[in-house]
Undergrad: 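Submitted below is the structure of interest, expressed as structure tokens.
The figures that follow rest on heavy atoms only: side chains count, while hydrogens, waters and symmetry mates do not. Chain letters run A, B, ... following the sequence lines, proteins first and then strands; every chain starts at 1.
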There are 2 protein chains.
Amino acid sequence: MDKQISQAVIRRLPRYYRYLGELLDDGVERISSNDLSKRMHVTASQIRQDLNNFGGFGQQGYGYNVAYLHDEIGNILGVNDTHNVIVIGAGNLGQAIAGYVKFERVGFKIIGLFDVNPELKGKMVRDLPVQMLDELPEFVKNNNVEIAALTLPKQNAKSTALKLVSLGVHAIWNFAHVDLDDIPDVVIENVHLSDSLMQLSYNITQHKK
Amino acid sequence: MDKQISQAVIRRLPRYYRYLGELLDDGVERISSNDLSKRMHVTASQIRQDLNNFGGFGQQGYGYNVAYLHDEIGNILGVNDTHNVIVIGAGNLGQAIAGYVKFERVGFKIIGLFDVNPELKGKMVRDLPVQMLDELPEFVKNNNVEIAALTLPKQNAKSTALKLVSLGVHAIWNFAHVDLDDIPDVVIENVHLSDSLMQLSYNITQHKK
DNA sequence: TGCCTATTGTTAAAATCTTGACATAGTTTT
DNA sequence: AAAACTATGTCAAGATTTTAACAATAGGCA
């Protein structure tokens, strides 16, 4: 059985992945944990420890091959496969997220955009028409939907999440300002913008002292 | 001198604040750490420990007064004061953030929206006109700008951040997919949506096993 | 009023996470 | 081909965070 990797490590992986991607773009072939630690402002020890959770990607006396390590971390994160994404809630945030994922993230493909508001029905957001929520079951049945981004008011978040799970969507990227606990058999990733802004506010207050 | 509060605690404060707000809305007057722990799915011990970093807000044998605790945490987070916010980058995400903060968060007020694209000049986004970036110095001089949200491509993020700091804006809510280290005397809060999505992807992969 | 109960604030233990140290293995140089 | 060097993987120590335990104190009730 695999040893459980701590969420602290998982949170750092995307950052490694990003730095390695930049090194790759810059044509850097190899890098040592020490050099990387200076760029990323973390300890070299932590880098080696983190990577070793998943196996020995480096070579003594040489360091890490950038392309190889980048690819391996990509595999670990699962971003080398394609994931189909739908967005529920076609407001500003929903449209922004749809556009953001489309342009910024390979590995994730926006294939549907839904809302309850009949006025939005059929409206084109880039190359996707806004569909009504009652078309969702049919859509999910006919398409391999893996992730649903929830960009809707918190009042509707939980019921929508439950519906999605019952339809077979087991991963939710939740932007609604509410916790979606108590839903079994689903993977949730929360983006609480309010929380982030309040943390900023706290740190401003501290900084002033 | 104040003892330094760990970021782990700070990250939890907004969540307490949210739950207390909901209790307040529901007319609940008092709550024990034990009851709150059941709702929030954290240990009662952690709640008491966290709150005690800031002082004794509760009463033995009684619990915590919801309204009082909510207000105190609001003070700690600094959300009971008003903070003026500008948004740099009037794309989808910038417009979404501007709208989001406006409608969801009291305590934060969007007062300006900037972009480099001349085609957007003067375009109204709700009640705010898009201004050109060269109007920024004058605007900052005449308005008490505390926070700048950066919703622009990563290539421009660092130079814009440096400019903002030189103009006197010392808090940045960064949505660009780049780290803004090495900038002294500024408080940064990052929202890396890509990282969040990759964490979700990782957890999906694990879940399938 | 005084006893009983509830629940905090706080201390200490346990668990987890991070950092430092170094033997070992592979690379580069001569 | 051997010597010198570099940098990993790993172990152990140190630091931090979380959880458990409980004495002390305030509220509720008789």
Side-chain angles (χ1 to χ4, degrees), chain A residues 1-16 19-20 23 28-73 76 181 199 202 206, chain B residues 1-16 19-20 23 28-73 76 181 199 202 206:
Chain A
M1 177 195 138
D2 287 350
K3 179 168 140 282
Q4 181 71 24
I5 308 291
S6 81
Q7 284 297 311
V9 175
I10 307 310
R11 266 199 300 275
R12 286 191 290 265
L13 286 183
R15 190 151 179 266
Y16 293 135
Y19 273 82
L20 289 164
L23 288 169
V28 178
E29 272 184 27
R30 62 186 257 193
I31 189 138
S32 68
S33 59
N34 210 262
D35 286 353
L36 191 56
S37 86
K38 280 178 197 134
R39 287 172 181 260
M40 296 185 64
H41 301 289
V42 299
T43 64
S45 189
Q46 180 162 77
I47 292 174
R48 294 204 296 277
Q49 189 90 291
D50 282 352
L51 297 179
N52 257 86
N53 281 296
F54 303 97
F57 298 132
Q59 272 187 329
Q60 274 144 330
Y62 176 89
Y64 299 88
N65 178 289
V66 172
Y68 172 68
L69 186 56
H70 182 261
D71 194 55
E72 284 294 325
I73 295 180
I76 292 164
D181 311 314
Q199 284 171 52
Y202 173 85
Q206 289 310 106
Chain B
M1 177 193 142
D2 286 352
K3 178 167 141 284
Q4 181 69 23
I5 308 291
S6 81
Q7 285 296 312
V9 175
I10 306 311
R11 268 199 299 275
R12 287 192 289 267
L13 286 183
R15 189 149 179 268
Y16 293 135
Y19 274 82
L20 289 164
L23 288 168
V28 177
E29 273 185 26
R30 61 186 257 193
I31 190 139
S32 68
S33 60
N34 209 261
D35 286 354
L36 191 56
S37 87
K38 280 180 197 132
R39 284 171 183 260
M40 296 184 65
H41 301 289
V42 298
T43 63
S45 189
Q46 181 162 75
I47 293 173
R48 294 203 296 278
Q49 189 91 291
D50 282 352
L51 297 180
N52 257 87
N53 280 296
F54 304 97
F57 298 132
Q59 273 188 326
Q60 274 143 331
Y62 176 89
Y64 298 88
N65 178 290
V66 172
Y68 172 67
L69 185 57
H70 182 261
D71 194 55
E72 284 294 325
I73 296 181
I76 293 165
D181 311 315
Q199 283 172 53
Y202 174 86
Q206 290 309 107

Undergrad: For A:Asn34 and C:dG20, give me the distance from atom CG to atom P, rounded to whole Å.
TA: 12 Å
Undergrad: Among D:dG27, C:dG9, C:dT27, find the nucleotide with the atom closest to the side chain of A:Gln59.
TA: C:dT27
Undergrad: Is the phosphate of C:dT8, meaning OP1 or OP2, less than 4.0 Å from a side-chain N or O of B:Ser33?
TA: yes
Undergrad: Are the side chain of A:Asn52 and the backbone of A:Gln49 linked by a donor-acceptor contact shorter than 3.5 Å?
TA: no
Undergrad: Between B:Tyr64 and C:dG9, is there a side-chain N or O to OP1/OP2 distance below 4.0 Å?
TA: yes
Undergrad: State the NZ-OG distance between B:Lys38 and B:Ser33, to the nearest 0.5 angstrom.
TA: 10.0 Å
Undergrad: Should A:Thr43 be listed as having a side-chain N or O under 4.0 Å from OP1 or OP2 of C:dT19?
TA: yes
Undergrad: Starting at the 5' end of DNA chain C, which residue's closest nucleotide do you reach first, A:Gly61 or A:Arg12?
TA: A:Arg12
Undergrad: Does any N or O donor sit under 3.5 Å from an N or O acceptor when you compare the side chain of A:Gln49 with the base of C:dT19?
TA: yes
Undergrad: How many whole angstroms separate atom CD of B:Gln4 from atom C1' of D:dT16?
TA: 13 Å
Undergrad: Would you say that B:Arg39 contacts B:Ile31 through its side chain, given a criterion of any heavy-atom pair below 4.5 Å between the two side chains?
TA: yes
Undergrad: Where each residue is assigned the nucleotide of DNA chain D containing its nearest heavy atom, which of A:Gly55 and B:Asp50 is assigned the position nearer the 5′ end?
TA: A:Gly55
Undergrad: Rounded to whole Å, please give me the gap between CG in B:Asn53 and P in C:dG9.
TA: 12 Å
Undergrad: Answer yes or no: does a side-chain N or O of B:Arg48 lie under 4.0 Å from OP1 or OP2 of C:dG9?
TA: no
Undergrad: Quick one: does A:Arg15's side chain have a donor or acceptor within less than 3.5 Å of a partner on A:Met40's backbone?
TA: yes
Undergrad: Between D:dT18, C:dT18, C:dT10, spot the one nearest the side chain of B:Asn52, thanks.
TA: C:dT10
Undergrad: Rounded to whole angstrom units, what separation is found between the CD1 atom of B:Ile47 and the P atom of D:dA20?
TA: 13 Å
Undergrad: Any donor-acceptor pair under 3.5 Å joining the side chain of B:Ser45 to the base of D:dA20?
TA: yes
Undergrad: Whole angstrom is fine here: how far is it from CD in A:Gln46 over to C1' in C:dA21?
TA: 17 Å
Undergrad: Please report, rounded to the nearest Å, how far the P atom of C:dC17 is from the CD1 atom of A:Ile5.
TA: 11 Å
Undergrad: Between D:dA24 and B:Gln60, is there an OP1 or OP2 to side-chain N/O distance shorter than 4.0 Å?
TA: no
Undergrad: Rounded to the nearest Å, what distance is computed from the CZ atom of residue A:Arg11 to the P atom of nucleotide C:dT18?
TA: 9 Å
Undergrad: So, applying side chain to side chain contact (heavy atoms under 4.5 Å, CB included) with B:Leu69, which one of B:Ile73, B:Asp71, B:Val66 is it?
TA: B:Ile73
Undergrad: Would you say B:Arg30 places a side-chain N or O within less than 4.0 Å of OP1 or OP2 belonging to D:dG28?
TA: yes
Undergrad: Give the rounded distance in Å between these two atoms: CG of B:Leu51 and C1' of D:dT18.
TA: 15 Å
Undergrad: With the side chain of A:Ser32 defined as its heavy atoms from C-beta on, choose the nearest nucleotide among C:dT18, C:dT7, D:dT8.
TA: D:dT8
